[in-house]
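The analysis underlying the following values was restricted to heavy atoms, covering all of them including side chains, and did not include hydrogens, waters or symmetry mates.
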Amino acid sequence: MTGFNIPESLIRSSNVLTVKKYGDKYKVIWCKCVRKKGFEECISGADPDQFETNPFNGQFSKVVQSFPGEKSQIKEVEKLENNISRAKSLIFEYAYCNKWDYFITLTISPDRYDRHDLAAYMKDLGKWLSNYNTNHKSKISYILIPEQHKDGAWHLHGLVSGILPKHLIRNEHGYLDWPMYSRKFGYCSLDTLHDHEAVSKYITKYVTKELLSRDYGQRTYYCSKGLQRAELLFRIPNVCENVIQWDFEHPEGYCKTSLVDNLDFMQSVAWE
């Protein structure tokens, strides 16, 4: 099959409502159009350079003609925006679906490490945390997002749980400090959490274009093993978009999202 007259229903689903369980809440997502898994095989005879996937609505369509060099720039911008959106969504998922004790900021002392070598630091930090868990019969969980100073040096922000309270002190600046970390790596500070949802949204702000654009060969975020993920409950096509009060609506109408306390709205889902 090589032609492009493939029924649209075979390629993508329209008006798709997805519901996922996020801890004690539910994330509701409505998408105008969702590409079906594996449909690319239906157009295997097409020239791949003539088609591309729109990162906002998942549609597979012909590349819009543009001036020389402009197409690649547009695709790179769309790819970057798509990567940022995915990273923020996944970080929020990890943050909201797990319990945390503190918001944490970790710095790297130039007297102990090369502050520009994030890979070496993360490798040693992982070993050190593993030893801490073994020695103190604890289980530290974390999600950390690197941030770079103007001079290229790194520090990290994130969420953590499992640090034994007896190992924390209040320093002269009024911040919680973890002296065991400070002696090994550098200054750190911790803040207790008061609004789980707000903090989960807040840490996604550290995912920036600068972070994803830098060619430093590292991941956008680091997280411990075994963290809980959202549970997919429903994915239903052909659902009217006006089923709920949305928290976010894409300006072009491609998708809408909301975080709700219950699934009562499902009783009044209207099918198109």
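In plain terms, the two heavy atoms of Pro146 and Leu118 that are nearest each other are CB-CD2, 3.8 Å. Between Ser200 and His196, the shortest heavy-atom distance links the atoms OG-O, 2.8 Å. Heavy atoms only, all atoms of each residue included: Asp151 and Ala153 are closest at OD1-N, 3.0 Å. In this structure, Asp117 and Ala120 approach most closely via the heavy-atom pair OD1-N, 3.2 Å. The two residues Thr220 and Ala87 come nearest to each other via the heavy atoms CG2-CB, 4.1 Å. Closest of all the heavy-atom pairs between Lys88 and Val207 is CE-O, 3.3 Å.
In this structure, the side chains of Cys255 and Phe248 come closer than 4.5 Å at one or more pairs of heavy atoms. The closest side-chain heavy-atom distance from Ile244 to Trp30 is not below 4.5 Å. Using a 4.5 Å heavy-atom cutoff, the side chains of Ser109 and Thr107 are not in contact. Between Val28 and Leu17 there is a side-chain heavy-atom pair separated by less than 4.5 Å. Using a 4.5 Å heavy-atom threshold, the side chains of Phe103 and Ile203 count as touching. Ser161 is not listed as a side-chain neighbour of Ile140, based on a closest heavy-atom distance of 4.5 Å or more.
Applying the side-chain hydrogen bond (donor to acceptor under 3.5 Å, both in side chains) rule to Thr204 yields no partners; only residues at least two apart in sequence or on another chain are considered. The side-chain contact (heavy atoms from CB on, under 4.5 Å) test applied to Asp195 returns Glu197, Ala198, not counting sequence neighbours.
Side-chain contact of Thr105 with His157: a donor-acceptor pair under 3.5 Å is present, judged by distance alone. A donor atom on one side chain and an acceptor atom on the other are found under 3.5 Å apart for Asp247 and Ser258. Neither side chain, Asn98 nor Ser141, offers a donor N or O lying under 3.5 Å from an acceptor on the other.
Residue pairs meeting the salt bridge (charged side-chain N to carboxylate O under 4.0 Å, His left out) criterion with at least one member in residues 119-134: none, sequence neighbours excluded. Note on residues 253-268: pairs passing salt bridge (charged side-chain N to carboxylate O under 4.0 Å, His left out), not counting sequence neighbours, are Lys25-Asp261, Glu241-Lys256, Glu249-Lys256.
The number of heavy-atom neighbours closer than 6.0 Å to CZ of Arg112, taken from other residues, nucleotides and ligands shown, is above 12.
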Pairs under 3.5 angstrom only: tabulate donor-acceptor contacts from the side chains of residues 226-237 to other protein residues two or more places apart or in another chain.
| from | atom 1 | to | atom 2 | distance (Å) |
| --- | --- | --- | --- | --- |
| Arg229 | NE | Glu93 | OE2 | 2.7 |
| Arg235 | NE | Thr18 | OG1 | 3.4 |

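Interatomic distance, CD of Glu147 versus NE2 of His155, reported as 3.5 Å (0.5 Å rounding). Rounding to the nearest 0.5 angstrom, the gap separating the SG atom in Cys223 from the OH atom in Tyr94 is 4.5 Å.
Not one N or O on the side chain of Asp101 forms a donor-acceptor pair closer than 3.5 Å with the backbone of Thr192. Remark: side-chain polar atoms of Lys184 are not paired, donor with acceptor, to backbone N or O of Gly186 under 3.5 angstrom.
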### Query
How far apart are the C-alpha atoms of Leu259 and Phe92, what are their side-chain angles, what is the distance that settles it, and do they pass the side-chain contact (heavy atoms from CB on, under 4.5 Å) test?
CA-CA 12 Å; Leu259 201 64; Phe92 175 79; 4.0 Å; yes
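The one candidate from Ile104, Leu144, Val199 that meets the side-chain contact (heavy atoms from CB on, under 4.5 Å) condition with Leu159 is Val199. When each of Trp154, Tyr222, Phe185 is paired with Tyr121, the ring pair (Phe, Tyr, Trp, His ring centres under 6.0 Å) condition holds for Phe185 and for no other.
Tyr206 and Trp100 fall within the same hydrophobic cluster, defined by Ile, Leu, Val, Met, Phe, Trp and Tyr side-chain heavy atoms under 4.5 Å apart, directly or through other members.
Summarising the hydrophobic clusters (Ile, Leu, Val, Met, Phe, Trp, Tyr; side-chain heavy atoms under 4.5 Å, direct or chained), the residues clustered with Tyr175 are Tyr187.
Aromatic rings of Tyr132 and His167 (six-membered ring for Trp) have centroids within the 6.0 Å cut-off, being under it.
His250 and Tyr254 have tilted rings, their planes meeting at an angle from 30° to 60° on a 0 to 90° scale.
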